[in-house]
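A quick write-up on the structure given underneath.
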Amino acid sequence: MKPVAFDYVRASSIEEVLDLLLEAGDDAVLLAGGMSLGPMLNLRAATPSLVIDLNRTAGLGGITANGAVTTGAMLRQTQAMRDDLLMTVVPLLAKAMPSIGHYQTRSRGTLGGSIAHADPSAELPLCLLTLGGEVELQSKDGSRRVAADDFFEGVLTTARQPTEMITAIHWPRRSGSFGFVEEAQRHGDFALTAAAVWIELDATGSLAGGRLGLGGVEDRPVAFDLKEFAGAPVDENLATQVARDIAGRTDPMDDHVADAAYRRQLAGVLGKRALMEAAGEAGS
Amino acid sequence: MTRLSGNSKHSVRMTVNGRAHEGYAEPRMLLADFLRHELGLYGTHVGCEHGVCGACTVLIDGVPSRSCTQYAVQADGASIETVESLADGDTLNALQAAFRNNHALQCGFCTAGILMSATAFLEETPAPTELQVREMLSGHICRCTGYDGIVRAILEAAGVQAEGKAA
């Protein structure tokens, strides 16, 4: 299908985008890579009166590393994957990003676009939540940072207000080790369920903390603190018990591709595998 | 900051296969439709129109991209390469010849997109493994071949290109 008619502005500055948002509000959409919004426009699931194109907007790219690592909202997924610093400092992204879409969509898709879109099965929202990162939002009133825990509110729904835009994503540097496993019907498809793990071990090699995140299970990515399971080494028994316990606390979605019971089962199995991957990495 | 009205056509200029072109598009016109209907370059195919099937894949400023989830007005000033850039007259390039040698197409609908993806992919990954080729191909749907011929063709083309580069 073809989209309904929309006005189009190629914004050259953040200031321009914010002026347009203030004027148009809910009637405007922000076009990043277009890997989700493009299909929604073409299928007429989105019928905005104005499309604001961010692809040539200054100040939305790049990667800077101070305490946290900050990625510009318009950083392309392929650019991120080719950045040695980002992949080294945020190893969970290095593990998860090859599962995002395809070679031909990562080239265009952006980090900020995926996080703004907030598909419940998407990898980047899951990683940001698991690591406890933040989203930077800007409006004419100034900027604010929202923790990932508060940002994702439901299916394609976030804490972003109509007059705000995402300008950057903050990825905390976490010590420890990481795992990422997802199950999809075909390589590059939406994940039925994905598990992301960050674990911290104490001096004796026992689990001390971290988080286990699950995507594609509930209407938004969810993450669980691993502190309550601390005190023992992460072996197969512990991984099985932790993942099963956490899977039991989820309230999975039921849809045409997978029912709730299957998603809960996947959460347990993939959570365990992701924990074992992280533990294996810590042991090596 | 120019606001392009949704109800009128606007001039769009781009370089396609090394040649400057100009056409007219409403903001909602897909880049793929612009290439076909404004510029007459029918080699780029339009399949699903939501970024899944890969038939419309072209190179935009050297980057393999879907041309159905981008709008023509976005590509104003860009440099595009389509399947028409590959052959030299009637002489197929190495990748196209490998597709022919390996029965890597039947109906040909998906072929243009796959050729453009593979062109960029082999530039970046000159000696790919079969797994890498198959992962790249996950972004394309072929309903005729079962993919084996396509995988063989791309691996063969990588061999041909590697020899060409060594010489």
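Below, read A as the first sequence line, B as the second, and so on, with proteins coming before strands; counting in each chain starts at 1. Only a predicted model underlies this, so the values are computations on that prediction, with no experimental measurement involved.
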- Message: Return the CD1 to CZ distance between A:Ile52 and B:Arg3, rounded to the nearest 0.5 Å.
- Response: 8.0 Å

- Item | A:Arg186, part contacting chain B, at a heavy-atom distance under 4.5 Å | neither

- Task: Report the distance from atom CG of B:Leu30 to atom CG of A:Leu41, rounding to the nearest 0.5 Å.
- Result: 10.0 Å

- Is there any residue in residues 60-71 of chain B with a non-hydrogen atom under 4.5 Å from a non-hydrogen atom of chain A, and which ones are they? B:Val63, B:Pro64, B:Ser65, B:Arg66, B:Cys68, B:Thr69, B:Gln70, B:Tyr71

- Heavy-atom contact with chain A under 4.5 Å, split by part of B:Glu124: side chain

- Salt bridge flag under 4.0 Å for residues A:Lys2 and B:Glu26: no

- Item | Side chain, backbone, both or neither of B:Asp33 within contact of chain A (heavy atoms, under 4.5 Å) | side chain

- Message: Can you confirm whether B:His37 is buried at NE2, in the sense that more than 12 heavy atoms of other residues, nucleotides or ligands lie under 6.0 Å from that atom?
- Response: yes

- Note on the structure: Given B:Asn7, B:Thr57, B:Thr2, the one with more heavy-atom pairs under 4.5 angstrom with chain A than any other is B:Thr2

- Message: The test is side-chain contact (heavy atoms from CB on, under 4.5 Å); show your working for B:His140 and A:Gln104 and say whether it passes.
- Response: CA-CA 9 Å; B:His140 291 277; A:Gln104 303 85 352; 3.0 Å; yes

- In terms of heavy-atom pairs under 4.5 Å, which option from A:Thr78, A:Val51, A:Leu37, A:Leu31 contacts chain B the most? A:Leu31

- Message: Report, in residue-number order, which members of residues 6-13 of chain A are under 4.5 Å from chain B by heavy-atom distance.
- Response: A:Phe6, A:Asp7, A:Tyr8, A:Val9, A:Arg10

- Any chance CZ of B:Arg100 has more than 12 other-residue heavy atoms, nucleotides or ligands included, within less than 6.0 Å? no

- Please collect all ring pair (Phe, Tyr, Trp, His ring centres under 6.0 Å) contacts where either partner lies in residues 99-123 of chain A, sequence neighbours excluded, each pair once. A:Tyr103-B:Phe121

- Between B:Met136, B:His50, B:Gln74, which shows the greatest number of heavy-atom pairs under 4.5 Å with chain A? B:Gln74

- Is the count of non-hydrogen atoms from other residues, nucleotides or ligands lying under 6.0 Å from A:Asp254 atom CG greater than 12? yes

- Task: Sort by residue number and list every member of residues 55-64 of chain A having a non-hydrogen atom under 4.5 Å from chain B.
- Result: A:Asn55, A:Arg56

- Item | Atom CZ of B:Phe109: over 12 foreign heavy atoms under 6.0 Å | yes

